[in-house]
Amino acid sequence: MFGYYLNLALRSFRRNKALTALMVLAIALGIGASMTTLTVFHVLSGDPIPDKSDRLFYVQLDPEPMRGYRPGEEPQSQLTRFDSETLLKQKRGLRQTLTSGGNVVISSDKPGTTPQLVDARYASADFFPMFDVPLRYGRAWTASEDDAKARVAVISKELNDKEFGGGDSTGKTLHIAPNDFRIIGVLDAWRLTPRFYDLYNDNYGATEGVFMPFSTARDLDLGTQGNTNCWADSNGDSRALNAPCAWVQYWVELDSAGKAADFRNYLVNYSNQQRAAGRFERPANVRLRNVMELMAFNKVVPGDVRLQLWLALGFLLVCLVNTVGLLLAKFLRRSGEIGVRRALGASRMEIFKQCVVEAGTVGLAGGVFGLLLALLGLWAVRQQPASYASLAHLDGSMLLLTFVLAVAASLLAGLLPAWRAMQVTPAIQLKSQ
Amino acid sequence: MDIRPILSTLMRHKIASLLIVLEIALTCAIVCNALFLIGDRLDRMNMHSGIADHELVRIQAASLRQLSSDDAVDKSVSLEYLDTLRKVPGVRQAAIVSQLPFGGSSNNSSVNLTSDQERPTLNATVYTDEGSLVKTFGLKLLAGRDFNSDEFQDITDLQKAGDKAQIPVAIINRSMAEKLYPGQNAVGKVFYSWTESPTRVIGVVEELARPNSLDQGAYAMIFPLRDYGAGKHYILRTEPGRRAEVLDAAIKALKKTDPNLLVVNQDTFDEVRARYFEQDRAMAWMLVVVIVALLLVTALGIVGLASFWVQQRTKQIGVRRALGATRGQILRYFQLENFLLATVGIALGMLLAYSINQLLMGKYELPRLPLHYLPIGAIALWLLGQAAVFGPARRAAAVPPAVATRSV
């Protein structure tokens, strides 16, 4: 029977070309808009490191003086250099790293080239294994190189391609004016979305070009970028070890998510010790959030993207109401035909099925066109200026969702008209013919 | 024309009527809010910078010589650049600034009215003035005066002074003056920021926008501090028509003095501004597309259902025509019918528009939907309905009276 109903549906399309085209267009527009925005939302809100996002924790302490204290308030979003270096030395997690963003000027020996400004990441050795950073050539630096403030650097694949023409460039020299660094590693293609380890620079930006030990960057007094918050006079150097400024990010990896409570206790103890020593004034006020919690707390997904999602779903709703109306018109227009079928013995259920098949077919056609529109929409998103724009691509699961959504939406839209159609009384229809 | 027969016909098509009403209501609600969001974005994009928008070009450049972290070198290189730039033909003024309106990266500081205040009064962005910021930016002084030449100090000296550091005078913008000293003349008043000592207001400028974080309030202050560190912006003021030429000549002149010059940014202020609001512009266009698509879908829905109704009622129309109804009366019947449906839909849509706005207010900290967006949405949908139903209604009016006698 299904094949027959499909055949009937196709015939009905041919008879009512304009009406069918309208419905397909409405569903396609609704699906296209929703899928475009859903895909962007899906890309931006996804888990950037699914294997261990529940075991990677971001640490916050409250090092401020009593002035202006309000119990329970969110502490500083980053750590002071003193606290982050102390926690790093105490090594209470499986792995830990302190990190900060910056930019450096790279110059080349090649004649005719001008120096260029490149984003940099300063971090301690565990950064690479913690965030699963893939290396194409060479190695990351070690804790002993951290201690030695070694002039070593790991560079991104992009920088390696641009400056060294790809290939294994470990052992070569990188001039980070006015110093020389030895390249010990080259990254493989790697881009986190979002770049969750530093939410105080461009969240959806590209991977930094140069990675170097945090200790080396401080030794050379290289500039940082991102948020710095000072609560007392820093005497001109907010990056000094004892400056009353929060600007360093501290991450810890634990064996299991269950160890978080222990680690939080350790942070409370640390805060209490610092207070006893006179460094901290406020009662212990720590935060320990895993990757997804941190992203949610910092509202990483841009508000505009959420707004667009709601707008598109509202649009889909209007398109569906529209489709319900048009399907109703279409089915009732065929009341005579339905009357004949009923008189010839078709049950109400059969009429209902026939109508639902027709609605589903409309949905499928709408889905195909909707997919094309979604691809067009995503292309338009990629032309936008936002740094996340280049990430807007449809993946397999979203492709499947497009069709499921299209067919489900049109079946839903077809239920009411189909129910009305099956109520058609054969006698009245036959009489009026 | 009598409304009662129309109403009774509609009552017989409850579901179809309800669907049209619902579609119009949803469209009305979304269109009103989308129009409002567009207005909100346009307001943001048209925000006053306070500076001479069309006369400024910006060069952000650094020299490799400045990377040695030697303050004296930083200063001499910066002054050399400034001197070079002032000699470029067409340059009327030149200044070194640490930040510029809508420039993105910024330096902000909390501001207190007393030295022992628990919570700061506000957070203002800090512009450092190397010597001629007010003139170069083209700021409009509302009260007080510009800095005197003996009021400037090097920022490095300030940092070295430690507890003895002082910034005796500052210029603030009107928003900050009104917030700090409501209803009073701000000139001569003091506030506390950056140092332990009080800072006296000597001038109030009409407007000076922040580089970013616009949601923190439009507060800005200018300190007479000469900041020569690497990565500062050189701002040149010229005539609007000569900007491209001046920018080009300026870069050439700089490269001549320093072949290893690193140019981070070179643009007109209009470009700086356009870049800052790019996302808002993209969002506004997206909303326009959504509105057009929604109206289109709704119009097509009305055309579809109205055509169905006309076809269904062909015989009744024929009968009415045979009984003496004119074409105009048939046309008006369908138009009135649509008007009634649209009115109910619009009324419902207004309520819905307000509830959606309430949700947005909570979620996105948007202001309340101004009432004037409602009639705009209503009129748009009434016109849309009338336009959409016109085709089917004309077809109905064209039904010949003879139909009445045909198939009976």
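Below, chains carry the letters A, B, ... as their sequence lines are ordered, and counting in each starts from 1. The analysis underlying the following values was restricted to heavy atoms, covering all of them including side chains, and did not include hydrogens, waters or symmetry mates.
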- Message: Which atoms of R420(A) are under 4.5 Å from chain B, going by heavy atoms: the side chain, the backbone, both sets, or neither?
- Response: side chain
- Query: Once you round to the nearest 0.5 Å, how far does CZ of R67(A) lie from CD of Q117(B)?
  - Reply: 8.0 Å
- Message: Quick check on I30(B) against chain A: is it the side chain, the backbone, both or neither that has a heavy atom closer than 4.5 Å?
- Response: side chain
- Task: May I ask you to check whether over 12 heavy atoms, not counting those of Y200(A), lie within 6.0 Å of atom OH?
- Result: yes
- Roughly how far, to the nearest 0.5 Å, is CG of L326(A) from CD of E23(B)? 7.5 Å
- Item | chain B contacts, top residue of L307(A), L22(A), T228(A) (heavy-atom pairs, under 4.5 Å) | L307(A)
- Query: Take atom CH2 in W231(A); do more than 12 heavy atoms of anything else shown fall under 6.0 Å from it?
  - Reply: yes
- Which bit of E196(B) comes within less than 4.5 Å of chain A, counting heavy atoms only: side chain, backbone, both or neither? neither
- Query: Of the backbone (N, CA, C, O) and the side chain (C-beta and beyond), which part of V297(B) lies under 4.5 Å from a heavy atom of chain A, both, or neither?
  - Reply: both
- Restricting to pairs with a member in residues 286-310 of chain B, which pass ring pair (Phe, Tyr, Trp, His ring centres under 6.0 Å), not counting sequence neighbours? H13(B)-W309(B)
- Item | Choice from E278(B), R119(B), Q159(B), Q311(B) maximising heavy atom contacts with chain A below 4.5 Å | R119(B)
- Message: Between Q279(B) and chain A, with a heavy-atom cut-off of 4.5 Å, which part of the residue counts as in contact: side chain, backbone, both or neither?
- Response: both
- Non-neighbouring partners of R41(B) that pass salt bridge (charged side-chain N to carboxylate O under 4.0 Å, His left out), sequence neighbours left out: D304(A), D280(B)
- Looking at V264(B), V263(B), L261(B), I15(B), which makes the most heavy-atom pairs under 4.5 Å with chain A? I15(B)
- Taking the side chain as every heavy atom from C-beta outward, state whether M286(B) and L311(A) have any atom pair closer than 4.5 Å. yes
- Query: Do the side chains of Q312(B) and R333(A) get nearer than 4.5 Å, heavy atoms only?
  - Reply: no
- Note on the structure: Which of V318(A), L317(A), V321(A) passes side chain to side chain contact (heavy atoms under 4.5 Å, CB included) with L22(B)? Answer is V321(A)
- Measuring from S107(A):OG to L262(B):CG, what's the distance to the nearest 0.5 Å? 10.0 Å
- One should read off an interatomic distance between M66(A) CE and E118(B) CD, to the nearest 0.5 angstrom, of 9.0 Å
- Message: Does any backbone or side-chain atom of L37(B) lie under 4.5 Å from a heavy atom of chain A? Answer side chain, backbone, both or neither.
- Response: side chain
- chain B shares the most heavy-atom pairs under 4.5 Å, among L29(A), V324(A), L320(A), with V324(A)
- Task: Taking all non-hydrogen atoms of both residues into account, name the closest pair between L19(A) and G304(B) and its distance.
- Result: CD1-CA, 4.1 Å
- So, the part of L18(B) with a heavy atom under 4.5 Å from chain A: the answer is neither
- Item | Proximity breakdown for P259(B) and chain A, heavy-atom pairs closer than 4.5 Å | backbone
- Task: For each of E73(A), Q225(A), Q383(A), M23(A), tally heavy-atom pairs with chain B at distances under 4.5 Å, and name the one with the top tally.
- Result: E73(A)
- Query: So what's closer than 4.5 Å to chain B heavy atoms on L416(A): side chain, backbone, both or neither?
  - Reply: side chain
